[in-house]
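One structure below.
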Amino acid sequence: PILYSYFRSSCSWRVRIALALKGIACDVVPVNLLKDGGQQFSAEFKAINPMQQVPALKIDGITLSQSLAIIHYLEDTRPNPRLLPQDPKKRAQVRMIADHIVSGIQPLQNLSILKQMGEKKMEWAQNCITSGFQALEQILQHTSGRYCVGDEVSMADLCLVPQVANAERFKVNMGPYPTISRINKALLELEAFKVSHPSRQPDTPPELQA
């Protein structure tokens with residue numbers, strides 16, 4: 001498999017965690033979202049992903065984009081360890097939390113949006129993440145055990161950790177979100193979350209390396 005990734009992309013990080021958890025070795029091809037006006041806009045990369053976004057994964061003779069679509073495919077074809085619970089209610093909760101982050105928070109503070117916000121980008125990102133986290137904290141108080149849904153790592157957790165990293169990067173005060181913070185801390189102790197971390201990627205700048 002070949003993963004087209006950017007070290008700081010939270011969407012790429014979700015997929016890197018899934019690959020690490022499932023023990024799938026892959027070649028990483030870095031796509032620098034800032035260099036050369038954004039390498040994702042090159043004709044070469046547009047042929048790989050017409051949306052001109054990372055991640056993209058070449059696997060089993062197909063090319064997939066969109067992090068959750070990739071993770072669902074990995075789940076369907078390489079089910080161990082399971083990232084979606086078998087219980088329908090818990091499975092729905094996992095999908096709900098994942099969608100909450102993937103649709104309701106992350107795109108609003110994504111690079112393409114922030115570029116348009118100009119000088120207000122920090123304030124904008126903070127507001128988007130804060131309103132999303134207020135709801136997420138409430139949801140997790142009902143669904144969480146050790147992790148987002150019960151005590152098993154799920155797709156929801158793969159979305160949570162990169163989003164908390166974004167929050168920290170945009171200097172969001174995490175004080176009001178003890179449940180999110182607790183789960184994030186527990187997840188960052190797991191090897192799959194460590195090896196996939198932005199500070200440990202082939203394209204991580206030296207000053208940001210772990």
Side-chain angles (χ1 to χ4, degrees), residues 1-31 53-60 62-103 105-106 136 139-140 143-168 179-204 209-210:
I2 299 171
L3 177 67
Y4 296 85
S5 169
Y6 177 57
F7 81 101
R8 196 173 248 169
S9 154
S10 55
C11 304
S12 298
W13 189 2
R14 295 170 198 150
V15 173
R16 294 196 302 259
I17 300 166
L19 291 165
L21 282 168
K22 290 178 180 289
I24 303 165
C26 70
D27 293 323
V28 174
V29 176
V31 179
Q53 295 170 335
V54 290
L57 182 68
K58 283 187 176 176
I59 189 167
D60 302 340
I62 60 169
T63 302
L64 294 169
S65 60
Q66 299 299 334
S67 60
L68 289 197
I70 294 170
I71 295 165
H72 275 295
Y73 178 76
L74 296 177
E75 186 72 355
D76 289 341
T77 56
R78 295 150 176 87
N80 290 321
R82 205 171 50 229
L83 296 177
L84 280 168
Q86 282 181 312
D87 174 73
K89 289 177 184 173
K90 283 188 175 177
R91 183 179 280 241
Q93 288 174 328
V94 166
R95 287 182 165 140
M96 170 181 72
I97 293 162
D99 276 345
H100 182 92
I101 295 166
V102 171
S103 304
I105 306 176
Q106 190 272 329
L136 188 60
I139 292 166
L140 292 173
T143 64
S144 68
R146 183 163 174 75
Y147 305 122
C148 283
V149 178
D151 298 324
E152 301 293 320
V153 174
S154 71
M155 191 185 294
D157 300 297
L158 276 56
C159 298
L160 181 85
V161 167
Q163 187 55 56
V164 173
N166 280 350
E168 288 168 348
T179 315
I180 293 174
S181 298
R182 172 183 64 75
I183 296 166
N184 182 64
K185 188 168 181 276
L187 289 164
L188 284 173
E189 288 167 8
L190 304 176
E191 189 60 22
F193 287 79
K194 288 179 186 174
V195 298
S196 60
H197 195 279
S199 64
R200 293 178 62 175
Q201 299 313 302
D203 58 330
T204 307
Q209 284 173 9

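In this structure, the side chain of Arg91 engages the main chain of Pro85 through a donor-acceptor pair within 3.5 Å. Of the possible donor and acceptor atoms, one in the side chain of Gln201 sits under 3.5 Å from a partner among the backbone N and O of Ser196. With Arg146 contributing its side chain and Asp151 its backbone, the two residues share no donor-acceptor pair below 3.5 Å. Of the possible donor and acceptor atoms, one in the side chain of Arg16 sits under 3.5 Å from a partner among the backbone N and O of Phe7. No donor-acceptor pair under 3.5 Å is formed between the side chain of Gln209 and the backbone N or O of Ser199. For the pair Thr143 (side chain) and Cys148 (backbone), a donor-acceptor distance under 3.5 Å is present. In this structure, the side chain of Thr204 engages the main chain of Pro198 through a donor-acceptor pair within 3.5 Å. Of the possible donor and acceptor atoms, none in the side chain of Asp99 sits under 3.5 Å from a partner among the backbone N and O of Met96.
A 4.5 Å side-chain heavy-atom check between Met155 and Leu68 finds at least one atom pair inside the cut-off. By the 4.5 Å heavy-atom criterion applied to side chains, Ile59 and Arg78 are counted as neighbours. Contact of the Arg95 side chain with the Lys90 side chain is not registered, since no non-hydrogen atoms from C-beta on lie closer than 4.5 Å.
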Between Val94 and Leu83, does the side-chain contact (heavy atoms from CB on, under 4.5 Å) criterion hold? Intermediate values first, please. CA-CA 9 Å; Val94 166; Leu83 296 177; over 6 Å; no
Could you go through the side-chain contact (heavy atoms from CB on, under 4.5 Å) check for Leu57 and Ile2 one step at a time? CA-CA 6 Å; Leu57 182 68; Ile2 299 171; 6.0 Å; no
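A salt bridge does not link Lys58 to Asp27: none of the charged nitrogens lies less than 4.0 Å from a carboxylate oxygen.
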